[in-house]
Structure formats: C-alpha cells, structure tokens
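Keep in mind it's a predicted model, so treat the numbers as computed, not measured. Order of the sequence lines sets the chain letters (A, B, ...), proteins ahead of strands, with each chain counted from 1.
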Amino acid sequence: MVSSELISTLKGLNRSDKFYIMQILISELAQQETNLIKPDQAYPVWSPYDAVEAADTMLKVLQAGQAQDHA
Amino acid sequence: MRNAERYPFISSDTALGEANFRPYLPFALLRQQSSVTISALLDTGASVNVLPYSTGIELGYKWERQTTALSLTGNLAQHEARVVLAQAVVGQFEPVQLVFAWTQARNVPLILGQVNFFMEFDVCFYRSQLEFVVSPKAPVSE
C-alpha cells in the first residue's frame with residue numbers, strides 16, 4: 001500500500017532524483033516481467049496459427065451445413 | 001458493447017502467478033441429444049476452433065464417420081483432425097453453429113479461434129483487469 005507520506009516525499013524530490021527513482025522502478029518492473037516465464041519449464045503452444053487451408057475447408061463445410069438447414 | 005457478458009480470466013496453475021491467467025469461456029455444446037458444458041480457451045491467434053478428441057466422443061461423434069480431413073499447424077500438426085459441426089450456447093445469447101477441427105490430440109484445450117467463433121462473437125479483452133467481455137456479432141442491418 002502506498003502511503004500519502006511516501007507520495008509526499010517523492011513529490012519533494014528534485015528533478016534528477018525523480019528520474020533516478022523512475023529508472024529504478026522501471027528496471028524493477030522489467031525484471032518482474034522476465035520472471036513470469038520460468039526457465040526449464042515446458043509451455044506447449046496448441047494454437048493452430050496460420051492454418052489457412054484448414055480454415056478454408058471448415059468454412060466451406062459450415063456454409064454447406066447452413067445451406068442444408070435452410071433448404 | 002451491446003448485449004454483452006463479462007467473464008473473468010482463470011488461472012489453472014497458481015504456482016505461476018499472474019503469468020498463468022487465461023481467457024477461458026464457459027459454454028455449452030449441443031449435438032442431437034448430447035450436451036457438454038466446458039471451458040474453452042479464447043485464442044485470437046488460432047485460425048480455427050479446435051475440439052479435443054474426448055469432447056467429440058462425449059458429443060456422440062464417431063471418428064470414422066467424419067469424412068472431411070484437415071491438416072492443422074503447430075503442436076497439433078502431428079495429430080489427425082476432421083471437421084465437425086455443433087450448436088454452441090454462450091451465456092444468455094442465442095445458440096450459434098460452430099465448426100470445429102476435431103483433433104485426435106488428447107491433452108489439448110478446447111480452442112475457440114477465428115473460424116468461426118470470432119466471426120460470430122465480438123470479444124474485448126481487459127487483461128490488466130483480468131476480465132473479458134463477449135457479445136454476439138451485430139446484425140448486418142445495423
């Protein structure tokens with residue numbers, strides 16, 4: 001929880017110290033993002049990305065099915 | 001969004017913390033007298049919907065009777081797949097017909113992709129708030 005005292009202290013810093021604090025925080029955030037993906041762990045990607053032929057075939061089957069329903 | 005329903009991102013492995021939250025949509029699949037309620041992964045990068053083998057069996061499909069074969073990509077390329085159609089009921093919305101690549105892969109999630117889930121529904125993702133919003137596509141006349 002960020003206290004109003006801390007906010008007040010940060011606001012009281014001079015310009016260069018504010019930039020310094022900002023750099024520290026950005027560096028911390030970047031490090032945390034990296035830690036989201038663990039080493040030596042498998043992350044299977046099941047997504048059928050770019051399966052355009054399959055998509056085209058499926059659309060044709062879908063349209064044929066809908067035409068049959070309306071006949 | 002008009003006529004919209006809001007859903008939370010779900011984490012299946014708390015050990016991974018925030019990295020593991022995914023947009024899983026609970027919905028029902030209907031075919032003749034069979035129905036299955038399942039959570040599906042919304043995957044905007046997937047070209048097609050994917051139905052896991054076990055879910056197809058639960059819905060009463062017979063593999064040998066599905067004659068249209070498909071070639072999938074990525075990890076699914078190593079498994080045979082065939083086309084099936086099913087009615088889908090999402091929340092309180094009207095049922096829609098979805099087309100699936102029914103794969104022989106056993107450990108894959110049900111995936112909702114561009115053909116044709118995202119052709120039927122508009123989805124807005126609010127990942128930072130761990131929520132997403134689903135609504136049926138707008139009628140053509142609007």
Atom CD of A:Gln66 with >12 non-hydrogen neighbours under 6.0 angstrom: yes
A:Leu62 CG to B:Met119 CE distance, which is reported to the nearest 0.5 Å: 7.5 Å
Engaged part of B:Val108 at the chain A interface, taking heavy atoms whose separation is under 4.5 Å: both
Most chain A-contacting option - heavy-atom pairs closer than 4.5 Å, from B:Pro109, B:Ala77, B:Gly45: B:Gly45
Joint hydrophobic cluster, B:Leu42 plus B:Leu51, side-chain heavy atoms closer than 4.5 Å: yes
Euclidean distance, A:Asp50 CG relative to B:Gln114 CD, rounded to 0.5 Å: 11.5 Å
Pairs of heavy atoms under 4.5 Å with chain A: top-ranked of B:Leu72, B:Asn107, B:Val84: B:Asn107
For B:Val83 against A:Met58, the heavy-atom pair lying closest together: CG2-CG, 4.0 Å
Verdict with supporting geometry, A:Trp46 and B:Asp43, side-chain contact (heavy atoms from CB on, under 4.5 Å): CA-CA 10 Å; A:Trp46 291 110; B:Asp43 184 353; over 6 Å; no
Residue A:Tyr49 excluded, over 12 heavy atoms near OH under 6.0 Å: no
Enclosure of B:Gln78 CD (heavy-atom neighbours >12, cutoff 6.0 Å): yes
Contact list for residues 46-69 of chain B, test side chain to side chain donor-acceptor pair (under 3.5 Å), sequence neighbours left out: B:Asn49-B:Asn116
B:Gln129 atom CD: more than 12 heavy-atom contacts under 6.0 Å: yes
Shortest non-hydrogen contact from B:Val50 toward A:Pro48: CG2-CG, 3.7 Å
A:Tyr20 atom OH, over 12 foreign heavy atoms within 6.0 Å: no
Shortest non-hydrogen contact from A:Ala54 toward B:Val48: C-CG1, 4.2 Å
Min side-chain heavy-atom separation B:Ile111-A:Ser47 under 4.5 Å: no
